[in-house]
Amino acid sequence: MKVGVLTGGGDCPGLNAVIRAVTLALQQRGATVLGIEQGFRGLLEGRARELLPADVSGILAEGGTILGTDNTCDPFADRATQPPRDRSAEALAHARGWGLDALVAIGGDGSMAIAHRFHEAGLPVVGVPKTIDNDLAHTDRTFGFDSAVAVVAEALDRLATTARSHRRVMLCETMGRYAGWIALEGGLAGAADVILLPERPYSVDAVAAFCAAREAQGLSTLICIAEGAHAAGEGLAVRAHLPGSPDPLRLGGAAERLQNALQPRLNCEVRSVVLGHTQRGGTPTAYDRVLATRFGVAAAGLVSRGEFGRMVALQGNACGSVALADVAGRNRVVPEGHELLRAADALGLCLG
Ligand code: F6P
């Protein structure tokens, strides 16, 4: 059996741990594993190399992806030309030429949608859910999320001491796109006083009143704000438009925007920090190393059993799978009334 493996979309901690687990588990079953370079771009352009045990040795704890990745290439709508062109036949021809019996696609929502289309086009595909945003449908966790939350928690710990020393209001902007999971868990883990999520448009007046009350008590305030958070009636803070990309919006600037709105209303100084790609880089946490390993082994199991068109998923603490068709094009955001929101409320935190 010959199995291709690729990593698509934005990178995140734990990708190499999945590549290693998929490769070792399949090689144990006598399969050959082909590493496809730079996500679906490598499939489209015919770039791949065999992965030998030595290639995956020592990579468990390494950040990034040894295969490279790409978050702009969709072979079904290649935006290198205008209008975008369906070049999936070329990608399928490469898979056939390599003699692939199956493809393991490790990626986020965009990659799962593309993987689903390849499955429908006749390529046997298994998906593995990756993203720091934790926003894929039908899985309680994606690998990479725990590592991002750990970065946010550590940053908030550091910001808290300097904010306290100067009695400042300090804003910390997290990633997460249209979902607030990173800000919510990171904010709770880092003892933020205010947590602002895309799912709950905030009131500048309410946040300012909360900070002013703390200021009156001689307290600093730590605000953890998701990049997709915005005031009621206000649009997303957009840093850039990338027209060639499946999701052309690059978010950013939510913290600075709120900083500017708060500063005139408060006596103390208001400062902001954007964590950006520090949340995506570096070594995965032990939790993510284990989750990524479980996901890789589960993906190899699906391939061996011929269960295609499915994505590995964590439900509760059980590692199973769901139909790619049920994941494609869907996102999982923080639902109203979620237990962690109620916990934040119970602590008297401000949620906007
Ligand atoms: O989806 C992962 C993610 O890191 C988001 O949290 C963020 O909005 C986006 O990717 C950033 O993408 P890029 O690295 O292309 O700027």
Side-chain angles (χ1 to χ4, degrees), residues 6-15 18 38-41 63-65 67-74 79 105-115 127-137 139 141-153 155 172-187 195-199 224-230 235-257 273-285 288 291-292 311 327-334:
L6 62 79
T7 53
D11 71 332
C12 87
L15 282 168
V18 182
Q38 267 193 290
F40 289 103
R41 187 166 298 287
T65 160
L67 295 175
T69 189
D70 182 289
N71 61 1
T72 58
C73 178
D74 177 356
R79 293 172 181 80
I106 309 165
D109 55 348
S111 301
M112 290 307 117
I114 297 171
V128 180
K130 160 246 66 157
T131 169
I132 62 164
D133 302 340
N134 202 34
D135 63 348
L136 258 78
T139 183
R141 274 282 188 271
T142 54
F143 69 89
F145 173 64
D146 187 67
S147 306
V149 167
V151 171
V152 175
C172 175
E173 179 176 314
T174 72
M175 279 189 166
R177 264 198 317 179
Y178 313 116
W181 297 108
I182 299 178
L184 179 57
E185 284 210 16
I195 300 179
L196 302 174
L197 312 178
E199 294 86 347
C224 185
I225 177 170
E227 62 182 358
H230 53 88
L236 291 163
V238 175
R239 179 173 48 80
H241 285 87
L242 296 186
S245 172
D247 180 355
L249 290 190
R250 290 297 178 272
L251 303 183
E256 193 182 356
R257 189 166 64 178
V273 166
V274 180
L275 296 183
H277 291 85
T278 60
Q279 295 156 97
R280 289 226 312 246
T283 187
T285 57
D288 272 339
L291 183 63
M311 182 190 82
V327 177
R330 301 211 179 124
N331 279 118
R332 197 177 67 94
V333 295
V334 179

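All values below come from the heavy atoms of this structure, side chains included, with hydrogens, waters and symmetry mates left out. All values derive from a computational prediction rather than experimental measurement. Atoms within a ligand are numbered from 1 in the order they appear, just like the ligands themselves.
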Participant: Just by modelled atom types, is the Asn134 backbone N or O under 3.5 Å from a matching donor or acceptor in the Arg332 side chain?
Facilitator: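 At least one qualifying donor-acceptor pair exists.
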Participant: Calculate, to the nearest 0.5 Å, the distance between atoms OG1 and CG belonging to Thr69 and Leu67 respectively.
Facilitator: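 Thr69 OG1 to Leu67 CG: 9.0 Å, rounded to 0.5 Å.
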Participant: Does Asp11 offer a backbone N or O that forms a donor-acceptor pair with the side chain of Arg280 under 3.5 Å?
Facilitator: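 Pair found, side chain donor or acceptor close to backbone of Asp11.
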Participant: Run through ligand 1 for me and note each protein residue having a heavy atom under 4.0 Å from it, chain first, then residue number.
Facilitator: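 Residues near ligand 1: Asn71, Ile132, Asp133, Met175, Gly176, Arg177, Glu227, Arg239, Arg250, His277, Arg280.
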Participant: Indicate yes or no: at least one non-hydrogen side-chain atom of Lys130 is less than 4.5 angstrom from one of Val18.
Facilitator: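 No. Closest side-chain heavy atoms not under 4.5 Å.
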Participant: Taking the side chain as everything from C-beta on, heavy atoms only, tell me whether Leu136 gets closer than 4.5 Å to Phe145.
Facilitator: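 In short, these two side chains do not touch, never coming nearer than 4.5 Å.
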Participant: Do Glu185 and Arg141 sit within salt-bridge range, that is, some charged N less than 4.0 Å from a carboxylate O?
Facilitator: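 The answer is yes: the pair qualifies as a salt bridge.
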